[in-house]
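Everything below concerns the one structure shown next.
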Amino acid sequence: VGQPSKATLLAAHALSHVDALYAFAWRLARDGAIADDLVQETFARCMSHSDRFEEGTNLKAWLFRILRNLFFDLRRRENRYLPDTLIESESASLSAPDVLRGDPEIARLKNLVAADIDAALQALTDDQRTVVLLDLEGFSEREIADVMTCAPGTVKSRLARARAALREKLWEYAT
Amino acid sequence: MNCEQARTLLLDDARGTLDPERARALREHLDSCAVCSNVAAQERVVSELLRTRLTPMAAPAALRNALAQQVASALTGEAGDAERAALPARAASELAFDELPRRKSASAAPGRRRAWLSMATAATVALGVSLYIARRDGSDQLLREARNDHLRVLYSEHPVEIPNGGIHQVKPWFSGRVDFAPDISFAGDDDFPMLGGAVGYFMDRKAANFIFKRRLHTISLFVFREQGLDWPDGATRQIGPVTAHVATLDGFNLLLWRERGLGHALVSDASTDELVKLCAKLNE
């Protein structure tokens with residue numbers, strides 16, 4: 001008697017991830033009100049679907065997965081979601097010859113400010129941005145695959161392609 | 001190893017998570033491929049940029065508090081008063097999930113122990129709503145909120161809802177949108193042009209945002225009802241008729257002052273001296 005439920009305990013623990021969830025939501029949706037809704041709804045789902053959380057797995061990754069799914073549902077409703085497999089540029093080979101950049105040029109890249117990096121991230125596709133952000137959060141490849149519902153074996157190349165795209169966007173701001 | 005394989009291993013290599021055999025194969029490829037080794041050098045800079053320059057974002061205080069209260073009321077609803085003291089310990093033993101293993105710091109054993117501790121902390125924090133809010137809503141919170149609101153202005157696609165066609169256009173625009181009349185009569189000048197205004201939130205209340213420029217810097221002015229807010233108690237400075245609190249947070253300079261029941265926060269990466277000049281103009 002008086003034992004807190006699993007749902008409440010999960011939500012209590014989830015409180016320590018509010019900032020990370022909000023930042024993820026904001027960078028996906030680029031809108032404070034939507035980010036707010038996404039985080040609130042993530043908490044609601046966390047409590048109502050607590051039976052689906054597997055003990056011993058990463059709670060933060062589970063929360064990110066809920067939030068990512070909510071965001072993509074929203075995008076689909078707006079008909080704005082295009083999976084990367086449908087986007088031609090995505091299939092470009094990773095080994096496509098890059099431009100060789102000299103040291104002075106690379107040094108210029110170091111002068112980019114937060115706003116440039118944010119803008120470059122925004123210029124990526126939803127999937128590209130997601131994989132870069134999840135990697136930055138420190139999730140493992142398996143966890144990223146769980147969040148993005150893709151095969152773990154594809155995470156490395158997805159990430160490499162997304163980073164290549166990000167690099168090219170950053171060069172646009174650095175030159 | 002071909003270029004495509006090499007490129008997918010660059011991040012792992014930089015993080016030292018490649019097995020020795022693949023690391024050696026990658027090394028050999030990079031030694032013989034000028035393009036891939038150049039890409040590796042670029043990738044190192046991109047990693048550094050993402051790690052050090054990406055703007056830290058925090059959830060708005062109103063959202064954080066709303067969630068904490070939801071959790072707290074669920075907890076108190078489920079646990080009797082007498083049992084509260086013992087709850088965190090039991091809460092922690094009931095569930096065992098590991099905290100996210102951080103790539104560098106958490107490689108060793110304390111993972112589980114920390115998960116245990118942070119679980120206990122989360123439950124304790126959620127239990128004492130008043131305590132939580134008292135701590136979160138400290139004067140520091142006010143500064144952090146102002147900083148975060150300014151970041152939202154900086155990275156918003158439409159920071160300005162009403163472009164500046166003179167203060168006589170901007171000020172009336174707020175009536176009906178916020179529940180007070182912003183006491184701003186400075187319409188901007190050559191040194192501090194006003195871009196316009198927008199409605200935002202400051203903590204749990206509506207705010208009138210005015211956006212100014214100083215050369216390349218964006219300056220946000222937030223005007224909001226100050227009632228019930230925990231005002232900072234740090235350094236102050238007399239600027240004309242007002243006593244302003246001066247603070248710096250994560251590279252942003254802040255000036256906060258109260259006047260006739262309204263709180264005002266100026267936030268920018270422009271220098272404090274510039275903010276003082278603008279504050280003086282606003283209070284002329």
Side-chain angles (χ1 to χ4, degrees), chain A residues 1-16 18-19 21-23 26-27 30 32 36 39-40 43 47 55-61 93-95 97-98 100-101 106 109-110 112-115 117-118 121 132 135-140 156-157 159-160 163-164 166-167 170, chain B residues 2-4 6-12 34-35 38-39 41-43 45-46 48-51 53-60 63-64 66-68 70-71 74-75 78-80 82-83 87 90-91 94-103 118-119 121-123 125-126 152 154-157:
Chain A
V1 188
Q3 287 279 3
S5 66
K6 179 178 174 183
T8 309
L9 284 173
L10 281 181
H13 196 59
L15 283 178
S16 57
V18 172
D19 284 341
L21 286 166
Y22 182 82
W26 203 94
R27 293 210 156 92
R30 210 171 165 69
D36 224 275
V39 174
Q40 295 246 23
F43 266 72
M47 294 188 79
E55 292 173 25
T57 62
N58 186 338
L59 173 67
K60 187 179 173 187
S93 167
L94 249 189
S95 54
D98 266 67
L100 278 175
R101 311 278 185 176
I106 293 181
L109 203 58
K110 290 183 183 164
L112 291 177
V113 295
I117 299 162
D118 230 76
L121 272 174
V132 169
D135 174 63
L136 277 183
E137 279 294 331
F139 290 121
S140 70
K156 252 192 229 312
S157 68
L159 181 58
R163 293 274 302 225
L166 177 66
R167 212 165 54 228
L170 286 171
Chain B
N2 62 31
C3 291
E4 174 136 6
R7 304 273 173 96
T8 56
L9 298 179
L10 290 176
L11 268 181
D12 286 341
V35 182
N38 190 255
V39 167
Q42 295 178 37
E43 271 295 282
V45 178
V46 172
E48 188 188 323
L49 287 175
L50 287 171
R51 200 178 57 245
R53 303 275 169 83
L54 202 61
T55 320
M57 292 199 74
L63 172 66
R64 179 197 300 285
L67 293 173
Q70 274 171 32
V71 173
L75 269 173
E78 290 165 9
E83 289 173 303
L87 181 60
R90 264 198 280 124
E94 195 181 64
L95 283 178
F97 36 76
D98 279 327
E99 243 202 321
L100 168 69
R102 286 264 157 219
R103 261 192 198 101
S118 81
M119 182 73 219
T121 313
V125 160
R152 279 191 276 277
L154 285 184
Y155 298 128
S156 164
E157 276 180 87

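Within every chain, numbering begins at 1; the chains are lettered A, B, ... in the order of the sequence lines, protein sequences first and strands thereafter. Side-chain atoms are counted along with the backbone in the values below, which use heavy atoms only and exclude waters and symmetry mates.
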Legend entry - Side-chain heavy atoms of A:E55 within contact of A:L10, under 4.5 Å: no

Legend entry - Shortest non-hydrogen contact between A:A14 and A:L59, atoms and distance: N-CD2, 4.0 Å

Legend entry - B:L50 vs A:R163 side-chain heavy atoms within contact, under 4.5 Å: yes

Legend entry - Selection from A:L170, A:L112, A:V132 maximising heavy-atom pairs under 4.5 Å formed with chain B: A:L112

Inset, instruction - Tell me, for B:Q70 versus chain A, whether the close heavy atoms (under 4.5 Å) come from the side chain, the backbone, both or neither. - result: side chain

Inset, instruction - Spell out, as yes or no, whether a donor-acceptor pair under 3.5 Å connects the side chain of B:R53 to the backbone of A:K110. - result: yes

Inset, instruction - Select one option (side chain, backbone, both, neither) describing which atoms of A:L21 are under 4.5 Å from chain B's heavy atoms. - result: neither

Inset, instruction - Using a cut-off of under 4.5 Å on heavy-atom pairs, state which of B:L67, B:L10, B:L9 scores highest against chain A. - result: B:L67

Inset, instruction - Against chain A, label B:V46 side chain, backbone, both or neither, depending on which of its atoms sit under 4.5 Å from a heavy atom there. - result: both

Legend entry - Selection from B:A34, B:A66, B:A59 maximising heavy-atom pairs under 4.5 Å formed with chain A: B:A59

Legend entry - Leading residue by heavy atom contact count with chain A [cutoff under 4.5 Å; candidates B:N2, B:D12, B:L154]: B:D12

Legend entry - Test item: A:L109 and A:R101 side chains (from C-beta on) under 4.5 Å apart, heavy atoms: no

Inset, instruction - Would you indicate whether the side-chain heavy atoms of B:R64 and A:D19 approach each other to under 4.5 Å? - result: yes

